[in-house]
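All remarks here apply to the structure that follows.
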Protein chains: 2
Amino acid sequence: MSEYPVFSVTVDLVMLTVRSDRLHVLLVRRGVAPYLDGWALPGGFVRPDEDLDGAAARELREETGLTAPLGHLEQLASYGAPDRDPRGRVVTVAYLALLPDQPVPVAGGDAASAAWLALPAPELAFDHGRILADGVERARAKLEYTPLATAFCPAEFTVTELREVYQTVWDAHLDPRNFHRKVTTTPGFVEPVGRSVTADRGRPAQLFRRGSAQLLHPPMLRPA
Amino acid sequence: MSEYPVFSVTVDLVMLTVRSDRLHVLLVRRGVAPYLDGWALPGGFVRPDEDLDGAAARELREETGLTAPLGHLEQLASYGAPDRDPRGRVVTVAYLALLPDQPVPVAGGDAASAAWLALPAPELAFDHGRILADGVERARAKLEYTPLATAFCPAEFTVTELREVYQTVWDAHLDPRNFHRKVTTTPGFVEPVGRSVTADRGRPAQLFRRGSAQLLHPPMLRPA
DNA sequence: GTAATAGTGTCTATGAGACACTATTGG
DNA sequence: CCAATAGTGTCTCATAGACACTATTAC
């Protein structure tokens, strides 16, 4: 064991949300070298007694204050090129979080400041640009065959809100009528709450919450 | 950096192949403690100057002798529970390899012996049982929306061989006529070589090679 | 009433699933 | 000719995509 190199292991988070019809990512301004004052994904070292998933959940909590009954957190991929961190051999396990718009970033730790930035994001520190791109692509793909678009919504939401999530993430227009039919007839996608909300004007919209399905059968297909 | 724990980083490989209508995985018998003489996934430590992908490709080469123009290798996931290795804090980055039947395992390194075992596999060392299960599930899912079933086949193959791959990995029966239509009409899935091969008896079958598509549009759906 | 938003019904085209026969080889 | 395997054609059903009107609210 001692003949092999010593690594540090970090978790980095690609936290995405939909705000004002734009996809946003939570970024921090680095307060320490390297890349001092540069934008980076939030993250940090895995602690001695932590699982990887636990470290990611902790970072998510620290950045948002969310104790995470809402939203979605999953492992994305690991990155470990020998030169990816000038300080030494660091492998990072990236996680992808999909969150409703509510959370306000909380500065702390190495982060001089944190902010939700609309995509496309500025140049990022380390290989975080690549990690972010991988996360966005994963999110786009997963909206097709899972109900995870609901992770971008509050606990109760309207069909229109859900459609706006799809349109934003995919950067595409979806027919409101076909979308309504698809969402309400795919088993386990959403279930009606029974109440309605009215926007400023117009007919009140029914509220739904996420259903029990883990996978969409058949999937929601991206427009060609 | 020094205030945080020191990790070792390994890569472990879930190498799958289809042989005699059964899914097989390459396993090694451990020659050292812990889990001495137990079955485990092949793998090893990442070297000082190696990328993670490079370490996985090297392990694949060492186990099979394959210089890998054929088959498919991709990162699966990382596993880092604090107690997953009794020797210390070890994070492993698991890779998934899909390979044609040809390769014969080569014993070496920590492995007292290596063998292709039909699934379901025996109990494995560490958390390798879980990693294997995740790898098989990933393979099953990827056959739906990618042309990766071809990675289990030699460079040139018949439609029947490809169908047997699907049937084995999915443990399901597929209608030969509908399958033939689906494979030959999905753009970029396969392309005809122009030659035929004849089995012992029967009409000769056309040979195909993998096409240029990265994704199947529309996907090949698993039977309900 | 008017503007604004929610929600529904129909027609068509495409693809999946079920199914039976013809084609080409070795023996 | 027979056995074995490859390959094709048709019908039906489910679902996606295009598209226009009705319903309910605030003002």
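Proteins come first, then strands; the chains are lettered A, B, ... in the order of their sequence lines, and each starts at number 1.
- A straight line from CG of L207(A) to C1' of dG7(C) spans 15 Å, rounded to a whole angstrom.
- Taking the side chain of T160(B) as heavy atoms from C-beta on, and the options dA6(D), dG17(C), dG17(D), the nearest nucleotide is dA6(D).
- At a threshold of 4.0 angstrom between heavy atoms, the contacts of A199(B) with the nucleic acid are absent.
- Within the structure, every side-chain polar atom (N or O) of K182(A) is placed at least 4.0 Å from both OP1 and OP2 of dT15(D).
- Below the 3.5 angstrom threshold, one finds a donor paired with an acceptor across the side chain of R177(A) and the base of dA20(D).
- No hydrogens or angles were tested; on distance alone, nothing pairs the side chain of R181(A) with the base of dG7(C) as donor and acceptor under 3.5 Å.
- Take F179(A) and apply the ring-ring contact (aromatic ring centres under 6.0 Å, His included) test, not counting sequence neighbours, and it matches Y166(A).
- Contact annotation: H180(B) side-chain N/O to dA6(D) OP1/OP2 distance is not under 4.0 Å.
- For Y79(A) and D12(A), the side-chain atoms include no donor-acceptor pair closer than 3.5 Å.
- In this structure, R222(A) places its CZ atom 13 Å from P of dG17(D), rounding to the nearest Å.
- Geometric assessment of R29(B) against the ring of W39(B) yields a positive cation-pi assignment under the 6.0 Å and 45° thresholds.
- Counting any heavy atom pair closer than 4.0 Å across all strands shown, D200(A) reaches sugar-phosphate atoms only and no base atom.
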